[in-house]
S.K.: 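Pasting a structure here, questions to come.
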Amino acid sequence: QVQLVESGGGLVQPGGSLRLSCAASGSIDSINAMGWFRQAPGKERDFVAAINRSGTSTYYADSVKGRFTISRDNAKNTVYLQMNNLKPEDTAVYYCAARRGMLLKTRSSEYDYWGQGTQVTVSS
């Protein structure tokens, strides 16, 4: 089993920045691709970004491209999401996810492990 714990959420003004972290533990050797998703109240869980095991390949949703950056530090078993120029529509619970497969995927059903989520609120 793999455990994922997110941190770094909070309240930020429009145009501000936050960095989310996701620490993995347990059977981490089984993890390959990792990703971030978000879910706003009353909406479905949407893909945000994904990264491969080595960190050399990333993929982003169009809505965050150019503003968000996903990265990972395998020595620390941690994946990050740097979020810049935040907008009110970025408000959501952000979830870290991991999958055993190597390919980057955008559907939540393709991921095997999930964190509990961290709230991000963008408001003045």
S.K.: Within this structure, what is the OG1-NZ distance for the pair Thr58 and Lys65, rounded to the nearest 0.5 Å?
M.R.: 9.5 Å
S.K.: So for atom CD, which belongs to Glu89, do other residues, nucleotides or ligands contribute more than 12 heavy atoms lying within a distance under 6.0 Å?
M.R.: yes
S.K.: How long is the straight-line distance from CE of Met102 back to OG of Ser57, given to the nearest 0.5 Å?
M.R.: 12.0 Å
S.K.: Can you tell me how far apart CD (Gln116) and OG (Ser7) are? Round to the nearest 0.5 Å.
M.R.: 13.5 Å
S.K.: Testing the 3.5 Å rule here: is there a donor-acceptor pair between the side chains of Tyr94 and Arg38?
M.R.: yes
S.K.: Between Leu4 and Ala24, what is the shortest heavy-atom contact and its length?
M.R.: CD2-CB, 3.7 Å
S.K.: So, for Ala33 and Leu104, which heavy atoms are closest and what is the spacing to 0.1 Å?
M.R.: CB-CD2, 4.0 Å
S.K.: With a 4.5 Å limit on heavy-atom distance, are the side chains of Ser108 and Tyr95 in contact?
M.R.: no
S.K.: Of the non-hydrogen atoms in Ile28 and Val2, which two are nearest, and what is the gap between them?
M.R.: N-CG2, 4.5 Å
S.K.: Stepwise, does the side-chain contact (heavy atoms from CB on, under 4.5 Å) test hold for Phe68 with Leu18?
M.R.: CA-CA 10 Å; Phe68 291 10; Leu18 281 176; over 6 Å; no
S.K.: Contact between Trp36 and Glu6 at the side-chain level, heavy atoms closer than 4.5 Å - yes or no?
M.R.: yes
S.K.: What are the two closest heavy atoms between Ser124 and Pro14, and how far apart are they?
M.R.: N-CD, 3.7 Å
S.K.: Quick one: OH on Tyr113 to CZ on Arg100, what's the gap to the nearest 0.5 Å?
M.R.: 4.5 Å
S.K.: Of all heavy-atom pairs between Ala49 and Leu81, which one has the smallest distance, and what is that distance?
M.R.: CB-CD1, 4.3 Å
S.K.: Within this structure, what is the OG1-CD distance for the pair Thr91 and Gln119, rounded to the nearest 0.5 Å?
M.R.: 7.5 Å
S.K.: Would you mind reporting whether Asp90 and Met83 have side-chain heavy atoms less than 4.5 Å apart?
M.R.: no
S.K.: Verify the cluster assignment for Tyr111 and Tyr60: are they in a single hydrophobic cluster under the rule of side-chain heavy atoms below 4.5 Å apart?
M.R.: no
S.K.: Specify the closest pair of heavy atoms between Asn32 and Arg53, including all atoms of both residues, with the distance to one decimal.
M.R.: OD1-CD, 3.3 Å
S.K.: Going by the side chain to side chain contact (heavy atoms under 4.5 Å, CB included) test, name the single residue among Val79, Thr78, Asn77 that passes it with Cys22.
M.R.: Val79
S.K.: Between Leu86 and Val48, is there shared hydrophobic-cluster membership here, with clusters defined by ILVMFWY side-chain heavy atoms closer than 4.5 Å?
M.R.: yes
S.K.: Heavy-atom distance under 4.5 Å between the side chains of Cys96 and Trp114, does that happen here?
M.R.: no
S.K.: Within a strict 4.5 Å, meaning less than it, do heavy atoms of the Leu11 and Ser123 side chains meet?
M.R.: yes
S.K.: Could you tell me the separation between the CD1 atom of Ile31 and the CZ atom of Arg99, rounded to the nearest 0.5 Å?
M.R.: 12.0 Å
S.K.: Should the ring pair Phe47 and Phe37 be called parallel, tilted or perpendicular, given that the plane angle runs from 0 to 90° and is split at 30 and 60?
M.R.: perpendicular
